[in-house]
Amino acid sequence: MTAALRCQALVKRYDGDVLAVNGLDLEVPAGECFGLLGPNGAGKTTTVEILEGLLQPTAGDVEVLGMRWTSDERALRERLGVSLQQTHLPERLSVREILVMFRSFFRRGRDPEAVMRAVSLEDKGRTWYEKLSGGQKQRLAVACALVGDPDLLFLDEPTTGLDPQSRLQLWDIVEGFKSGGRTVVLTTHYMDEAQRLCDRVGIVDHGKLIALGTPRELIASLGGREVIELALAPGEQLDEAAALRLPGVHGVRRVAGAFALATDPLHVALPALVDHVRAAGLHLEQLATRHATLEDVFVSLTGRGLRD
């Protein structure tokens with residue numbers, strides 16, 4: 001498939017010798033929803049801003065839609081839609097006025113009225129920006145990114161701070177855009193969002209791409225599809241090496257004073273673990289099971305959570 005974007009050996013170094021992106025290689029095929037995940041400060045937003053043409057890389061090569069920012073900036077601006085992490089629009093302009101203004105920036109684009117309907121803001125056309133709720137402002141920011149009828153859409157943490165209903169509405173917008181064969185690059189802290197929307201996911205930490213694959217592939221890399229979480233009585237410790245030798249247990253890690261075990265199959269691992277705890281004279285305070293998630297993958301790879 002044709003690559004919608006590609007970067008090779010990408011480096012971004014800020015003043016004070018802060019290395020935000022450290023030799024990152026990435027390729028996103030056209031028509032894919034690609035998720036870029038990582039903790040705060042991992043370099044994902046810097047990477048996206050370089051791909052969007054908002055930052056100059058210190059080193060490396062960037063190609064977007066077969067073009068380069070150094071020679072094709074005007075043509076690229078016509079084909080990209082960008083929704084930043086934070087968007088501030090004129091408070092005394094109405095929703096319709098803002099979309100008409102953004103539409104005027106492009107040679108071709110979509111009817112602002114149609115875009116308002118697409119983001120469920122058709123009844124807010126005459127409402128000033130300052131009167132909108134947080135979810136409505138976020139949907140308007142995405143609408144501004146869509147009104148130019150882009151081939152490639154960048155969404156940087158578009159649902160942070162939104163209520164569940166607003167998040168679901170934005171998910172529908174993204175899925176509708178992608179259904180037309182266009183490309184989405186999404187950064188998010190929400191693992192359910194990445195698993196629902198993204199065809200593939202890249203996990204970034206310390207400016208490097210440390211894992212890449214479909215959500216299912218990354219979860220499978222844990223070695224277990226189910227997770228057992230247990231907490232022992234105060235002062236008691238699980239013998240991690242012994243637990244790892246139990247049938248059906250593929251990984252053990254500490255989580256906030258408790259333990260999480262990657263298991264498969266669960267019906268084999270769970271009774272073996274309970275028997276082990278009893279035989280060791282330990283006392284269970286909490287025991288729960290759940291499906292493995294992308295957050296488990298990240299913690300397994302880096303030893304810290306996505307919000308650290």
Side-chain angles (χ1 to χ4, degrees), residues 35-42 44 157 159-164 167-168 171 186-198 200-206 208-308:
L36 201 58
L37 311 180
N40 294 328
K44 61 185 185 300
E157 298 187 21
T159 62
T160 297
L162 296 188
D163 61 83
R167 287 184 68 210
L168 290 174
W171 288 5
L186 170 76
T187 71
T188 180
H189 277 307
Y190 298 113
M191 295 301 95
D192 56 338
E193 186 163 273
Q195 290 183 221
R196 163 79 176 266
L197 298 177
C198 298
R200 286 190 311 146
V201 166
I203 298 178
V204 176
D205 196 26
H206 301 299
K208 291 180 176 290
L209 191 67
I210 61 172
L212 179 67
T214 67
R216 181 172 296 185
E217 288 169 344
L218 292 177
I219 291 170
S221 72
L222 287 171
R225 294 174 295 177
E226 306 289 335
V227 174
I228 300 173
E229 295 179 332
L230 75 151
L232 299 173
E236 295 184 349
Q237 293 295 323
L238 183 70
D239 184 337
E240 296 179 47
L244 193 56
R245 292 193 294 268
L246 295 173
V249 176
H250 301 276
V252 181
R253 57 183 171 85
R254 295 172 183 262
V255 182
F259 297 88
L261 288 71
T263 69
D264 189 20
L266 178 64
H267 71 272
V268 171
L270 184 57
L273 175 64
V274 172
D275 288 345
H276 171 75
V277 169
R278 185 184 297 116
L282 302 173
H283 302 85
L284 281 173
E285 287 214 331
Q286 292 183 358
L287 182 69
T289 64
R290 59 175 174 79
H291 294 299
T293 68
L294 286 175
E295 188 156 354
D296 294 308
V297 175
F298 191 93
V299 175
S300 175
L301 289 170
T302 69
R304 56 198 183 115
L306 283 166
R307 289 180 173 80
D308 284 359

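In this text the structure is predicted, and so the values were computed from the model without any measurement.
- Put simply, the side chain of His291 reaches to within 4.5 Å of the side chain of Glu226, judged on heavy atoms.
- Between Arg200 and Glu217 there is no salt bridge, since none of the side-chain N atoms of the basic residue sits less than 4.0 Å from a carboxylate O of the acidic one.
- No donor-acceptor distance shorter than 3.5 angstrom exists from the side chain of Thr263 to the backbone of Gly224, with no hydrogens or angles considered.
- Inter-residue side-chain proximity for Leu270 and Ile228 is flagged as met; some heavy-atom pair is nearer than 4.5 Å.
- Two residues are said to be in side-chain contact when any heavy atoms from C-beta on lie closer than 4.5 Å; Gln286 and Glu229 fail this criterion.
- The main-chain N or O of His283 is found under 3.5 Å from a side-chain atom of Glu236 such that the two form a donor-acceptor pair.
- The side-chain contact (heavy atoms from CB on, under 4.5 Å) with Gln195 is formed by just one residue from the set Leu218, Ile219, Thr214; it is Ile219.
- With no hydrogens or angles considered, no side-chain donor-acceptor pair links His276 and Asp239 at under 3.5 Å.
- Residues Asp264 and Leu222 have side chains not in contact (no heavy-atom distance under 4.5 Å, counting atoms from C-beta outward).
- Between atom OG1 of residue Thr188 and atom NZ of residue Lys44 there is a gap of 9.0 Å, rounded to the nearest 0.5 Å.
- Contact of the Pro234 side chain with the Glu285 side chain is registered, since non-hydrogen atoms from C-beta on lie closer than 4.5 Å.
- Taking CG of Leu294 as the reference point, atom CD of Glu193 lies at 12.0 Å (rounded to 0.5 Å).
- In this structure, the side chains of Val201 and Val297 stay at 4.5 Å or more apart for every pair of heavy atoms.
- Although no hydrogens or angles enter the test, the distance criterion places no donor-acceptor pair under 3.5 Å between the side chain of Asp275 and the main chain of Ala272.
- With values rounded to the nearest 0.5 angstrom, Ile203 atom CD1 is found 9.5 Å from Leu212 atom CG.
- Note: Glu157 CD to Leu162 CG = 11.5 Å, rounded to the nearest 0.5 Å.
- Counting all heavy atoms, side chain and backbone alike, Ala269 lies closest to Val249 at CB-CG2, 4.1 Å.
- Here the CG atom belonging to Asp192 is positioned 9.5 Å from the OG1 atom belonging to Thr293, to the nearest 0.5 angstrom.
- Nearest heavy-atom pair across Cys198 and Leu186 is SG-CD2, 3.9 Å.
- Nearest heavy-atom pair, Ala260 versus Val227, reported as atom, atom and distance to 0.1 Å: CB-CG1, 4.0 Å.
- Counting heavy atoms from C-beta on, the side chains of Asn40 and His189 come closer than 4.5 Å.
- Between Leu284 atom CG and Leu282 atom CG the span is 8.0 Å, to the nearest 0.5 Å.
- Side-chain contact between Tyr190 and Leu197 is absent, with no heavy atoms from C-beta onward closer than 4.5 Å.
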Report the C-alpha separation of Leu37 and Met191 in whole Å, then their side-chain angles, then the decisive distance to 0.1 Å, and conclude whether the side chain to side chain contact (heavy atoms under 4.5 Å, CB included) test is met. CA-CA 9 Å; Leu37 311 180; Met191 295 301 95; 3.8 Å; yes
